[in-house]
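No hydrogens, no waters, no symmetry mates; every other heavy atom, side chains included, goes into these values.
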Amino acid sequence: MPIITKSFDSYVILLLCLQFKNLLLSVVVNFEVEDFRVLRITRNIGDMGSPDPEAEFVDQIALFTALLCACIVIGHLLEKSRWINQSITSLLIGLGTGCVILLTSGGKSSRILEFKQEFFFMYLLPPIIFNAGFQVKKKQFFRNFMTIVSYGAIGTLISFAVISYGATHLFPKLDIGYLEIKDYLALGAIFSATDSVCVLQVLNQDETPLLYSLVFGEGVVNDATSVVLFNAIMNFDLSDMNVRVAYNFACNFLSLFFFSTLLGVFVGLLCAFIIRTLYFGRHSTDREIALMILMAYLSYMTAEVFKLSGILTVFFCGILMSHYAWHNVTLKSQVTTRHTFATMSFIAEVFIFLYVGMDSLDVEKWRLVDNTPGKSIGASALLLGLIMVGRASFVLPLSFLSNLTRREKHEKVGIKQQVTIWWAGLMRGAVSVALAYKKFTGSGQTIQPANALLITSTISIVLFSTVVFGLLTKPFLKMLLPQPPEETEPSSPKSLTVPLLGNGGDPDAEMGNLGRLTTTSSLKMLLNSPTNTVHHYWRRFDDSVMRPIFGGRGFVSSATGTRDMGVIH
């Protein structure tokens, strides 16, 4: 009898399992992994011949990772020529891969993966912008701070005004469809974001420190300003533009800029204080590295939670962390964090340009503009012309004003340097692509013809400016700027690592400048050299108040027990 009961129980359990299996047969699986939107698959679990979405996703990730490796290897092989940089290599590989996929899929798709535009802002842009702030050479950056801010902030606003105004009056003549005032303003913000990687690859920081500092500094401030401006446009009702609305918009932009900066400074100082107080390095260097990475990302996400600009926040967080927190960790952690942040930024940039190369052949977007290819070409040419005019409209006058405040001849921005700065801002890259995807696409798809035309125009400008202008950068600058004699001996390993950890400056010379400043009156100092005067008083405040609390150069590190004067920047 017990045997019969046990058999009956087993039979009931078997029936329940069969019923549950039949229930699962009718399930429609909507497979989404993080921000990657792969395919919507309706499958029967009982059908073993149907494709497995998880296995398909793994295959796609593996293929995309292999392409990233190919971009890095081929980019390394082409680096010696200095004609083709990593961005151009990734774009060309993306284009080639897109052609292959387009042919093998019968013209249905050109991408391995398709992801939402939020993926750019949540995972790709933060490491790029943070590394820009973390790696910035602060001595040169703050020595030319007023000029850099005038180029990166005021210049970006001027370029934004020129592009928006020109698009508002010229686009209706192309008859591309109805666009709101917010669309035109968004175009101004999108195409005000520059990408000076090609020029920075050719310039040498030791040979042209002023020019390199201006181009690099303007690039990072420009990115932050463009994103803040774009977010202000998206979060503000501009349908009925008048003086009051313009005033409120300006106040919203300035408050967004101020509070985003303040949040980044707060998180950077908080991280420095925690690491200096708790001495993580005594037990584990992994913890202090992990804390720096997580708090950097926390600054970005906190800004997004409070509807601020995460890009601006994480940029200033990077500056504060490199100035204070970085000096509180062990020497091993200093080297590790430098390379870790640079590597994350590098992979993110390669990822973006590789994806843009493939997405540029997306048939869905081009099908919407297939009947009007002339309009797409016209819109791209018009925007490219406005970009060039917008750059010239602020580089020349702002350089003239900057030269008025510079007493020494070698500190003035000459006409050839101004042309170089103008050229450096003609290329468009990751930030422009991310902003365009956010404005004109939804979850990777474009359904309106006008939006499709604008996104294809953006892709065309990014491809053209990066490839064509990038290839012309080296011969253009070689013709424009005097070239130093070629090195006869290869660089030593020390020379390759010192620029990463140092600032290339002379501490003794810097202290000598400070000593000369203290011998003159404050008013005369301010009139003769306003930037150096502000830097002088900031150094006094930093040495007496900030560094004793948050750590920094010259103070005994609790983690290492030594002064870190030899590896600071």
Side-chain angles (χ1 to χ4, degrees), residues 63-101 110-112 124 127-128 131-132 135 194-208 211-212 215-216 219 339 342-361 420 423-433 459-481 483-493 495-497 499-500:
L63 181 57
F64 203 93
T65 305
L67 288 174
L68 289 175
C69 295
C71 290
I72 295 173
V73 173
I74 297 176
H76 171 73
L77 295 176
L78 298 176
E79 185 180 10
K80 292 183 178 180
S81 68
R82 300 182 77 177
W83 283 64
I84 300 179
N85 64 358
Q86 188 64 61
S87 302
I88 299 176
T89 303
S90 303
L91 275 175
L92 295 178
I93 292 178
L95 282 170
T97 305
C99 291
V100 174
I101 298 175
S110 64
R111 294 169 295 196
I112 300 173
L124 297 182
I128 294 175
N131 183 67
Q135 303 283 1
T194 64
D195 184 14
S196 53
V197 174
C198 292
V199 174
L200 289 175
Q201 186 184 23
V202 177
L203 292 177
N204 188 300
Q205 186 174 4
D206 296 326
E207 297 166 359
T208 56
L211 185 58
Y212 189 95
V215 172
F216 178 80
H339 289 288
T343 301
M344 293 169 62
S345 173
F346 176 76
I347 293 176
E349 288 191 10
V350 173
F351 191 109
I352 289 177
F353 282 104
L354 178 62
Y355 183 84
V356 169
M358 289 187 289
D359 192 61
S360 62
L361 300 175
T420 302
W423 177 271
L426 295 181
M427 283 152 276
R428 295 298 176 265
V431 176
S432 294
V433 170
I459 293 174
S460 300
I461 291 174
V462 171
L463 288 173
F464 180 85
S465 63
T466 302
V467 176
V468 177
F469 291 161
L471 290 175
L472 294 176
T473 293
K474 183 179 180 180
F476 179 78
L477 295 186
K478 186 176 181 179
M479 176 186 66
L480 192 65
L481 300 175
Q483 299 296 312
E486 296 290 337
E487 294 183 1
T488 57
E489 296 181 1
S491 300
S492 64
S495 65
L496 297 177
T497 56
L500 179 65

Fill in: Qualifying residues under side chain to side chain contact (heavy atoms under 4.5 Å, CB included), relative to Ser432, sequence neighbours excluded
Ile190, Ala193, Arg428
Worksheet item: So, the side chain of Glu349 versus the backbone of Gly429: is there a donor-acceptor pair under 3.5 Å, distance only?
Response: no
Practice prompt. Only counting residues at least two apart or in another chain, list the ones meeting side chain to side chain contact (heavy atoms under 4.5 Å, CB included) with Val73.
Written response: Leu77
Worksheet item: When you look at Phe64 and Leu354, which way does the side-chain contact (heavy atoms from CB on, under 4.5 Å) test go after all the steps?
Response: CA-CA 9 Å; Phe64 203 93; Leu354 178 62; 3.9 Å; yes
Item to complete: Decide if the gap between the ring center of Phe476 and the ring center of Phe469 is smaller than 6.0 angstrom.
Response: no
Fill in: Shortest non-hydrogen contact from Leu95 toward Gly357
CD2-O, 3.4 Å
Discussion item. Just verifying a value: how many Å separate Leu477 CG and Thr420 OG1, rounded to the nearest 0.5 Å?
Written reply: 5.0 Å
Discussion item. I want to check something: taking the side chain as every heavy atom from C-beta on, are Phe353 and Thr466 in contact at a cut-off of under 4.5 Å?
Written reply: yes
Practice prompt. For side-chain contact (heavy atoms from CB on, under 4.5 Å), just list the numbers for Leu472 and Trp423, CA-CA rounded to whole Å, side-chain angles, deciding distance to a tenth of an Å, and then say yes or no.
Written response: CA-CA 10 Å; Leu472 294 176; Trp423 177 271; 4.0 Å; yes
Worksheet item: Looking at CE of Met358 and OG of Ser90, how far apart are the two atoms once the value is rounded to the nearest 0.5 Å?
Response: 10.5 Å
Worksheet item: Between Ser465 and Leu426, does a side-chain contact (heavy atoms from CB on, under 4.5 Å) hold up when you go through it step by step?
Response: CA-CA 7 Å; Ser465 63; Leu426 295 181; 6.0 Å; no
Worksheet, complete the sentence: Heavy-atom nearest pair, Val215 first then Ala424, reads CG1-CB, 3.8 Å
Discussion item. Under the rule for ring pair (Phe, Tyr, Trp, His ring centres under 6.0 Å), what residues qualify as partners of Phe346, not counting sequence neighbours?
Written reply: none
Worksheet entry | Test side-chain contact (heavy atoms from CB on, under 4.5 Å) applied to Gln86 and Leu78, step by step | CA-CA 9 Å; Gln86 188 64 61; Leu78 298 176; over 6 Å; no
Response to the item:
Rounding to 0.5 Å, atoms CZ (Phe464) and CD1 (Ile461) come to a distance of 10.0 Å
Discussion item. According to side-chain hydrogen bond (donor to acceptor under 3.5 Å, both in side chains), who are the partners of Thr89, at least two apart in sequence or on a separate chain?
Written reply: none
Discussion item. For Asp195, give me all partners under side-chain hydrogen bond (donor to acceptor under 3.5 Å, both in side chains), at least two apart in sequence or on another chain.
Written reply: none
Worksheet item: Hey, does the side chain of Asn131 reach the backbone of Ala342 with a donor-acceptor pair shorter than 3.5 angstrom?
Response: yes
Worksheet item: Just how far is it from atom CZ of Phe351 to atom CG of Leu67, taken to the nearest 0.5 Å?
Response: 10.5 Å
Worksheet item: Taking the side chain as C-beta and beyond, is there a heavy-atom pair between Met427 and Thr473 under 4.5 Å?
Response: yes
Worksheet item: Quick one: ring pair (Phe, Tyr, Trp, His ring centres under 6.0 Å) partners of Tyr212, sequence neighbours excluded?
Response: none
Worksheet item: What distance do Leu92 atom CG and Leu463 atom CG have between them, rounded to the nearest 0.5 Å?
Response: 9.0 Å
